[in-house]
Amino acid sequence: MNIQENIPLAPYTTFKIGGPARFFCEAKSEEKILEALKFAREKNLSVFVLGGGSNVLVSDKGFDGLVIKIKLSAWRLYLHDGDSISILTCDAGCVLSKIVSESVKAGLTGLEWAAGIPGTIGGAVRGNAGARALGGEMADAVESVKVLDVDDLQIKTYDLRMCEYEYRNSVFKQNSNLIILSAKLKLKKGDKAASEKKIQEILTKRKEKQPMEFPSPGSFFKNPLVKDKKLIQQFETDTGQKIRDDKIPAPWLIEEAGLKGQKNGGAMVSEKHANFIVNTGKATAEDVITLAAIIKTKVRNKFGIQLQEEVQMVGF
Ligand SMILES: Cc1cc2nc3c(=O)[nH]c(=O)nc-3n(C[C@H](O)[C@H](O)[C@H](O)COP(=O)(O)OP(=O)(O)OC[C@H]3O[C@@H](n4cnc5c(N)ncnc54)[C@H](O)[C@@H]3O)c2cc1C
């Protein structure tokens, strides 16, 4: 298998930041992943599994181990005629937006909310990617997930219950030894025209609200769980919105802390969406980490809330 050395990781991420991987390979099959793991074991290297790179911040010094980019990308649809549920089986390397459009093309509904979310099925299944305000998260669609357990090199199937899904969390996120190989998604029979319209609306909303003109890894922090009734009331009065699942939107906290437009080197808190730290051109990981620390401190000082990163840190 083709394992390359000293490969810059920035181009493999949507943030366009980060140093090189000491070793790097693209795995197009389960066998190639196993070969790569064997290589890492022989050389006593740490392993990082990369999907679409749309939720990562790679350190400036890069990753001193083996990066395996998951490129398994087959998918198959099992249409159930009489039945309202159909199953879409997709490999971890399938691009999420492609799966969304293929499902709609087949007249199925259930993934429209994911339109415009970059990355792969593997990344989305691991992180329980979602857009609650737009109608869903991966946990709503997953029936089961096939993984390779790096511990014993066995292939295992996790049903939905075993995935332990929560807001942006899962058993896979808690155990980095589980490499996601594929997922079975259950979708319902839908109305193609209605789904297409919904997707267009979602894409328009994303364009309006998110700074697509700059590289970023999407929302930087998770929306924190908040019990403070006064703060919830303040948010609801200020925005005219209701809080969802007891979580206050991180962008509101960051904006209220006066951080919109705040810069550190090449990193900036987006003017359009305060939970997006964007790369204005030449941002380093150091610029981003320092800016994130400023945000966390100011939000904690103002609201007593500790923000937690949604973005995955690599090589720190
Ligand atoms: C403009 C923009 C908008 C976004 N909007 C949203 C949104 O609305 N909702 C949302 O949830 N996210 C959003 N994101 C974040 C991101 O797109 C999602 O988290 C996405 O699911 C990450 O998938 P990925 O393949 O890019 O993962 P990567 O960034 O490659 O990896 C993320 C993590 O998943 C792990 N991983 C990846 N593949 C596998 C695998 N096969 N097996 C095991 N672990 C794996 C990696 O090791 C890493 O820890 C947005 C990002 C951007 C840039």
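Read the numbers this way: they start at 1 and go in the same order the structure lists the ligands and their atoms.
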Taking non-hydrogen atoms only, is [X] closer than 4.0 angstrom to ligand 1 via side chain, backbone, both or neither?
X      : answer
Pro217 : backbone
Val49  : both
Pro118 : both
Val314 : neither

Ring-face cation contact, Tyr12 with Lys69, 6.0 Å cut, 45° max: no
Geometric class of the Phe303/Trp252 ring pair [parallel <30°, tilted 30-60°, perpendicular >60°]: tilted
Ligand-residue contact atoms, ligand 1 with [X], heavy atoms, under 4.0 Å:
X      : value
Thr14  : 53 (C)
Arg168 : 9 (N), 10 (C), 11 (O)
Ala92  : 41 (N)
Gly122 : 38 (N), 39 (C), 41 (N)
Leu50  : 30 (O)
Leu178 : 43 (C)
Ala129 : 11 (O), 21 (O)
Gly123 : 21 (O), 23 (O), 24 (P), 25 (O), 27 (O), 37 (C), 38 (N)

Between ligand 1 and [X], is the shortest N or O to N or O distance under 3.5 Å?
X      : value
Gly119 : no
Gly52  : yes
Ser54  : yes
Met212 : no
Ile180 : yes
Gly51  : yes
Gln210 : no
Asn128 : no
Ser219 : no

I want to check something: taking the side chain as every heavy atom from C-beta on, are [X] and [Y] in contact at a cut-off of under 4.5 Å?
X      : Y      : result
Leu181 : Ile33  : yes
Phe316 : Leu57  : yes
Ser219 : Phe276 : yes
Gln174 : Glu164 : no
Pro249 : Asn275 : no
Leu45  : Phe23  : yes
Leu108 : Leu88  : no

Of [options], which has the heavy atom at the shortest distance from [atom]?
atom                    : options                        : value
atom 1 (C) of ligand 1  : Phe15, Phe276, Tyr167, Phe220  : Phe276
atom 9 (N) of ligand 1  : Ala131, Gly130, Ser170, Ala115 : Gly130
atom 35 (C) of ligand 1 : Met138, Arg126, Lys69, Met313  : Arg126

Does ligand 1 have any atom that is closer than 4.0 Å to a heavy atom of [X]?
X      : result
Leu181 : no
Lys173 : no
Phe172 : no
Gly127 : no
Glu137 : no

Does atom [atom1] of [X] have more than 12 heavy-atom neighbours, drawn from other residues, nucleotides or ligands, at distances under 6.0 Å?
X      : atom1 : answer
Lys207 : NZ    : no
Gln4   : CD    : yes
Lys186 : NZ    : yes
Lys222 : NZ    : yes
Asn44  : CG    : no

Salt bridge (charged side-chain N to carboxylate O under 4.0 Å, His left out) pairs, two or more places apart, involving residues 141-150: Glu30-Lys146, Asp149-Lys156
Partner set under side chain to side chain contact (heavy atoms under 4.5 Å, CB included) for Glu42, not counting sequence neighbours: Lys38
Identity and distance of the protein heavy atom lying nearest [atom]:
atom                    : value
atom 25 (O) of ligand 1 : Thr120 OG1, 2.6 Å
atom 48 (C) of ligand 1 : Phe48 CZ, 3.7 Å
atom 28 (P) of ligand 1 : Gly53 N, 3.5 Å
atom 29 (O) of ligand 1 : Asn55 N, 2.8 Å
atom 13 (C) of ligand 1 : Ile117 CG2, 3.8 Å
atom 5 (N) of ligand 1  : Arg206 NH1, 3.4 Å
atom 31 (O) of ligand 1 : Val56 CG1, 3.9 Å

Residues Gln308 and Arg168: side-chain donor-acceptor under 3.5 angstrom: no
Donor on one side chain, acceptor on other, Asn128 and Glu166, under 3.5 Å: no
Glu201 bridged to Lys205 by N-O distance under 4.0 Å: no
Main-chain N/O of Asp287 paired to Asn264 side chain as donor or acceptor, under 3.5 Å: yes
